[in-house]
Asks: 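Handing you this structure, nothing more for now.
Note on naming: letters A, B, ... go to the chains in the order of the sequence lines (proteins, then strands), and numbering restarts at 1 for each one.
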Amino acid sequence: MAAGKDASLRIATFNVNGIRSRLPHLLQWLEKEAPDIACLQELKAADAGFPIEAIRDAGYGALWMGQPSWNGVAILARGGDPIESRRGLPGMRDDTQSRYLEAAAHGVIVGCLYLPNGNPRPGPKFDYKLQWFDRFIEHAQTLFDSKHPVVLAGDYNVVPTDALDIYDPTHWRKDALLQPETRERYEALLAQGWTDALRTLHPEEKIFTFWDYFRNHWPRNAGLRIDHLLLSDDLAPRLKAAGVDRWVRDLKGASDHAPTWVEIGAKKAAKKVAKRKA
DNA sequence: ATGTCGTGCCCCGCACGA
């Protein structure tokens with residue numbers, strides 16, 4: 001249910017890369033970090049394969065949108081069930097890929113997304129990435145204009161800058177994650193007014209959320225920042241902390257992503273009008 | 001082209017996507 005009136009809110013996103021094989025890590029992380037809301041991506045499981053019992057036993061309610069083998073997203077809420085507000089993006093009726101789920105929980109609306117990777121480029125996969133991104137940008141505008149407290153959390157498959165969001169762009173020049181078309185769209189999103197939480201709190205720090213399995217990238221800390229949490233106008237002033245749970249990436253048999261989170265301060269109580277004595 | 005994972009199919013190795 002709702003966090004205590006004065007409690008802050010921790011919201012996280014975690015690309016698990018297979019919910020069934022990663023369940024022990026997920027549970028370990030939930031127990032240790034206890035996020036109030038967790039967005040998961042790359043479930044790689046059909047709806048029936050989602051481990052709802054274990055997640056309930058850990059104290060979380062959940063919504064999920066599965067798909068056999070690929071994609072799949074879920075929203076977890078500590079102590080209660082998230083209230084679904086959207087399943088899939090508007091304008092993408094024929095989309096067969098499970099990449100967007102939205103719900104209300106703990107007083108915020110959370111959009112959980114798994115933006116297409118887009119490789120190889122050029123090609124139909126890159127075209128699909130841009131098309132999906134455009135639909136997402138449209139929907140994000142609607143959410144932003146609603147003035148509701150909204151967090152858009154997920155694996156964006158965008159490395160926003162060469163300078164701070166990747167260990168070394170040299171070998172990634174042709175990758176879909178660094179293309180101008182990809183980055184322009186991320187910028188367009190920010191131009192709507194959204195706050196990139198991690199970058200805002202740590203403006204000059206190299207931050208990574210993903211280290212691929214190839215070439216010994218994790219031990220070398222050769223990472224990329226592609227998991228992002230964007231905050232609406234209403235939530236941005238309440239941003240207190242943000243970070244990456246790197247210890248999860250260091251576990252044996254880890255996902256290639258680490259959980260990434262924000263902490264939102266308590267909503268200020270509406271100013272009480274002094275009661276006039278009769 | 002390569003690296004290493006998780007998944008599913010079809011049978012115990014492969015193709016695929018990332």
Asks: Give the nucleotide from the list B:dG17, B:dT4, B:dT7 with an atom nearest to the side chain of A:R20.
Replies: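 Of the candidates, B:dT7 comes closest.
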
Asks: Between A:R99 (CZ) and B:dG17 (P), how many Å, whole number?
Replies: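 So the two atoms are 12 Å apart, to the nearest Å.
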
Asks: Quick one: closest heavy-atom pair of A:D81 and A:A62, and the distance?
Replies: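 Scanning both residues, the minimum pair turns out to be OD1-N, 3.7 Å.
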
Asks: Counting only heavy atoms and a strict 4.0 angstrom limit, can you tell me which residues of residues 166-183 of chain A come near DNA chain B?
Replies: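 Residues of residues 166-183 of chain A that come under 4.0 Å of DNA chain B do not exist, since none gets that close.
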
Asks: Between B:dA15 and B:dC10, how far apart are the C1' atoms? Round to whole Å, please.
Replies: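 These two C1' atoms come out 12 Å apart once rounded.
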
Asks: Rounding to the closest angstrom, what is the interatomic distance between B:dG6 and B:dA1 at atom P?
Replies: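 About 25 Å, rounded to a whole number of Å.
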
Asks: For A:N17 and A:K44, what are the C-alpha separation, side-chain angles and deciding distance, and is it a side-chain hydrogen bond (donor to acceptor under 3.5 Å, both in side chains)?
Replies: CA-CA 7 Å; A:N17 190 12; A:K44 292 187 172 180; 2.8 Å; yes

Asks: Specify the separation, in whole Å, of atom CZ of A:R22 and atom P of B:dT7.
Replies: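 It is 7 Å, rounded to the nearest whole Å.
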
Asks: Give, for atom CZ of A:R86 and atom CD1 of A:I109, the distance between the pair rounded to the nearest 0.5 Å.
Replies: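 Output value for this atom pair is 11.5 Å.
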
Asks: Taking B:dC12 as the reference, what is the distance to B:dT7 when you measure between their C1' atoms (whole Å, please)?
Replies: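 Looking at atom C1' only, B:dT7 and B:dC12 are 15 Å apart.
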
Asks: Could you tell me how far apart A:N117 (CG) and B:dC16 (C1') are, to the nearest whole angstrom?
Replies: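 Computing the A:N117:CG to B:dC16:C1' distance gives 13 Å.
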
Asks: Would you say a side-chain N or O of A:S255 is under 4.0 Å from OP1 or OP2 of B:dC5?
Replies: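 So the side-chain polar atoms of A:S255 never come under 4.0 Å of the phosphate oxygens OP1 or OP2 of B:dC5.
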
Asks: Please examine the side chains of A:I137 and A:Q192, heavy atoms only from C-beta on, and report whether any two atoms are closer than 4.5 Å.
Replies: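 Yes, close enough: below the 4.5 Å cut-off.
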
Asks: Show which residues join A:W261 in its hydrophobic cluster (side-chain heavy-atom contacts under 4.5 Å, direct or indirect), or state none.
Replies: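 Result for A:W261 is none, singleton.
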
Asks: Regarding A:Y186 and A:D196, is there a side-chain donor-to-acceptor distance under 3.5 Å anywhere?
Replies: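 Looking only at side-chain atoms, A:D196 and A:Y186 do form a donor-acceptor pair, the distance falling under 3.5 Å.
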
Asks: To the nearest Å, how far apart are A:W70 CH2 and B:dG8 P?
Replies: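 It works out to 9 Å between those atoms.
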
Asks: Take atom NE2 of A:H217 and atom P of B:dT4, then tell me their distance rounded to the nearest Å.
Replies: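 Taking atom P of B:dT4 as the reference, NE2 of A:H217 is at 12 Å.
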
Asks: Please report, rounded to the nearest Å, how far the P atom of B:dT7 is from the CG atom of A:N71.
Replies: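 It is 13 Å, rounded to the nearest whole Å.
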
Asks: Round to the nearest Å and state the distance from A:R215 atom CZ to B:dT4 atom P.
Replies: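 Taking CZ of A:R215 and P of B:dT4, I get 10 Å after rounding.
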
Asks: Nearest to the A:S21 side chain among B:dT7, B:dG8, B:dA18, which nucleotide is it?
Replies: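 From the listed options, B:dT7 comes nearest.
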
Asks: From CG of A:D256 over to P of B:dG17, roughly how many Å is that when rounded to an integer?
Replies: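 It works out to 17 Å between those atoms.
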
Asks: Give me the other members of the hydrophobic cluster that A:W70 sits in, counting Ile, Leu, Val, Met, Phe, Trp and Tyr linked by side-chain heavy atoms under 4.5 Å, directly or via other members.
Replies: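 Members other than A:W70 - counting any ILVMFWY side chain reachable under 4.5 Å - there are none.
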
